Engineer: 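The structure under discussion is supplied below as structure tokens; questions concerning it will follow.
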There are 2 protein chains.
Amino acid sequence: MAERSIQVCIVDDDDLIRETLAMIIGGTPGFEVVSKYTSGDEFLDQGGCTDEAVILMDIDMPGTRGTDCVARYKSEHPDAQVLMLTVHEDIEAVFESLRAGAIGYMVKHTPPARLLQAIEEVHLGGAPMSPEIARKVIGSFHPNTQNPLSEREVEVLRMLCDGENYKTIAEALFISANTVKAHIKSIYTKLHVNSRAQAVQTALKNRLV
Amino acid sequence: MAERSIQVCIVDDDDLIRETLAMIIGGTPGFEVVSKYTSGDEFLDQGGCTDEAVILMDIDMPGTRGTDCVARYKSEHPDAQVLMLTVHEDIEAVFESLRAGAIGYMVKHTPPARLLQAIEEVHLGGAPMSPEIARKVIGSFHPNTQNPLSEREVEVLRMLCDGENYKTIAEALFISANTVKAHIKSIYTKLHVNSRAQAVQTALKNRLV
DNA sequence: TTGAAAACTACCCATTCGGGCGATTGACCG
DNA sequence: CGGTCAATCGCCCGAATGGGTAGTTTTCAA
């Protein structure tokens with residue numbers, strides 16, 4: 001029984017890159033370029049592509065940025081499989097893309113063979129990433145080693161995140177509510193915040209707990 | 001100039017798997033098994049290994065679990081490179097390991113060639129993951145599609161996360177503080193929480209904002 | 001058209017929070 | 001030995017929060 005070719009859609013404003021990619025992919029058995037777009041806006045306006053296709057999306061494009069393009073398209077096509085391509089490894093752009101719904105992230109200087117492998121990986125349910133990028137993404141899970149808080153403060157902050165009040169925290173740590181308050185004041189100072197909500201946000205985003 | 005072999009340390013309680021891995025890795029040019037341990041406790045007690053080595057750590061072991069072992073070891077050796085191995089793809093164990101400081105995650109039924117490649121990838125600064133696992137990890141960045149909140153409530157929640165108070169939110173959204181309060185009440189009900197801190201935690205952990 | 005949900009507004013009230021000021025003890029460091 | 005910092009505790013007070021109750025209007029789907 002014949003294997004179905006993997007359908008690929010390319011969105012890139014750079015003519016040379018787009019056509020080169022199309023040629024490489026289209027010329028490889030088992031792959032098929034079903035559509036090409038020269039901008040994110042064109043992609044969105046003209047209906048994108050089938051949900052089965054793997055979408056190669058450039059991140060630096062004039063008009064709608066690749067990241068926003070993914071977010072907009074994903075809201076209409078939740079099953080779309082988007083593989084981002086970029087020239088530089090701006091880590092913030094990576095996270096933005098992932099939050100928008102991209103499933104993989106490759107730098108553009110990736111050898112063609114590896115890129116084809118990545119497309120196939122997406123098609124088979126993986127999430128290919130260039131090594132440098134993967135390392136950074138995984139690093140975002142790691143606990144912050146430069147935690148300015150003392151151990152006791154981390155304990156308090158942990159309970160703060162769970163929505164406990166002075167009294168409850170005090171009882172759990174066998175100290176007075178006034179002391180809890182003192183710890184919280186100290187936490188606020190160190191984190192440069194002045195409310196529980198901000199403290200929780202900072203704690204979770206910077207992996208302090 | 002001669003390439004230096006990649007040093008590998010193996011921690012696994014299963015004799016067959018451990019010795020098989022050691023044989024495969026040790027028998028491959030460019031790789032060298034520098035130490036083997038039969039449990040996490042043994043690994044920790046006997047000082048582990050050099051920081052240059054790639055550590056293959058089984059996740060299911062009697063005594064100290066692989067995950068805790070990583071966390072404990074990492075606190076002493078922040079530069080340790082740990083690649084987790086597991087038989088089952090328990091996603092929670094994956095996240096626990098990553099939070100503990102692991103740099104990669106492979107399922108045990110991975111073909112030897114791919115495993116060697118993964119070890120090399122760790123050594124070169126990557127973060128190898130089995131495709132199924134990578135997909136789940138990346139998926140954790142994606143916005144929650146089953147957000148029970150209305151659009152307005154999401155707007156309010158977003159500002160709540162930033163620590164804004166009733167008045168500020170009201171001014172930003174051009175509504176009265178009483179309405180903001182009503183929205184927040186509704187948010188609390190839907191998220192089953194009753195404080196800002198809990199709401200922020202729920203919002204960030206479930207990617208509602 | 002009827003009903004449900006969302007968005008909007010208002011008021012009361014007890015509790016909680018955040019900021020400011022001050023204080024003691026013990027540990028650790030130079 | 002003096003200095004710094006973490007951890008502990010206390011008090012005052014104005015502002016913010018959470019819960020309860022009670023409406024109107026709009027919007028959208030059945």
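Since this is a predicted model, take the numbers as computed values, not measurements. Protein chains get the first letters and strands the later ones, always in sequence-line order, with residue 1 at the start of each. No hydrogens, no waters, no symmetry mates; every other heavy atom, side chains included, goes into these values.
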Engineer: Base, backbone or nothing for each nucleotide of nucleotides 24-30 of chain D, written B, S, -, heavy atoms under 4.0 angstrom, 5' to 3'?
Structural biologist: -------
Engineer: Just to verify, what does E132(A) make a side-chain hydrogen bond (donor to acceptor under 3.5 Å, both in side chains) with, not counting sequence neighbours?
Structural biologist: none
Engineer: Does atom CD of E151(A) have more than 12 heavy-atom neighbours from other groups under 6.0 Å away?
Structural biologist: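 Count not over threshold, so no.
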Engineer: For H123(B), check ring-ring contact (aromatic ring centres under 6.0 Å, His included) against everything at least two apart and list the hits.
Structural biologist: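 Not a single residue meets the ring-ring contact (aromatic ring centres under 6.0 Å, His included) criterion with H123(B).
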Engineer: Just to verify, what does F141(A) make a ring-ring contact (aromatic ring centres under 6.0 Å, His included) with, not counting sequence neighbours?
Structural biologist: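 In terms of ring-ring contact (aromatic ring centres under 6.0 Å, His included), with neighbours along the sequence ignored, F141(A) is linked to F95(B), F141(B).
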Engineer: Of all nucleotides in DNA chain C with an atom under 4.0 Å from a non-hydrogen atom of chain B, which is the first and which the last going 5' to 3'?
Structural biologist: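 Result: dA6(C) to dC12(C).
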Engineer: Which pairs, with at least one residue in residues 65-74 of chain B and sequence neighbours excluded, count as a salt bridge (Lys or Arg N to Asp or Glu O under 4.0 Å)?
Structural biologist: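 The answer is R65(B)-D68(B), R65(B)-E96(B).
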Engineer: Should D60(A) and K108(A) count as an ion pair when the cut-off is N to O under 4.0 Å?
Structural biologist: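 So D60(A) does not pair with K108(A) through a salt bridge.
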Engineer: Once you measure the plane-to-plane angle for F43(A) and Y37(A), does it fall in the parallel (<30°), tilted (30-60°) or perpendicular (>60°) bin?
Structural biologist: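 Rings of F43(A) and Y37(A): perpendicular, over 60°.
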Engineer: If the condition is side-chain hydrogen bond (donor to acceptor under 3.5 Å, both in side chains), which residues does S130(A) pass it with, not counting sequence neighbours?
Structural biologist: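 Per chain and number, S130(A) pairs via side-chain hydrogen bond (donor to acceptor under 3.5 Å, both in side chains) with no residue.
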Engineer: Under a 4.0 Å heavy-atom cut-off, which of residues 173-189 of chain A touch DNA chain D?
Structural biologist: I175(A), S176(A), N178(A), T179(A), K181(A), A182(A), H183(A)
Engineer: Expected output is a numbered-order residue list: members of residues 146-172 of chain B with a heavy atom under 4.0 Å from any atom of DNA chain C. What is it?
Structural biologist: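 Result for residues 146-172 of chain B: S150(B), R152(B), sorted by number.
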Engineer: Between the opening five pairs and the closing five pairs of the helix from dT1(C)-dA30(D) to dG30(C)-dC1(D), how far apart are the helix axes, to 10°?
Structural biologist: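 Taking the rotation axis at each end, their angle is 60°.
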Engineer: Looking at every heavy atom in both L44(B) and T64(B), which two are closest together, and how far apart are they?
Structural biologist: CD1-CG2, 4.4 Å
Engineer: Can you list every salt bridge (Lys or Arg N to Asp or Glu O under 4.0 Å) pair that touches residues 134-149 of chain B, not counting sequence neighbours?
Structural biologist: E89(B)-K136(B)
Engineer: What parts of residues 197-209 of chain A reach DNA chain D, counting only heavy atoms under 4.0 Å away?
Structural biologist: none
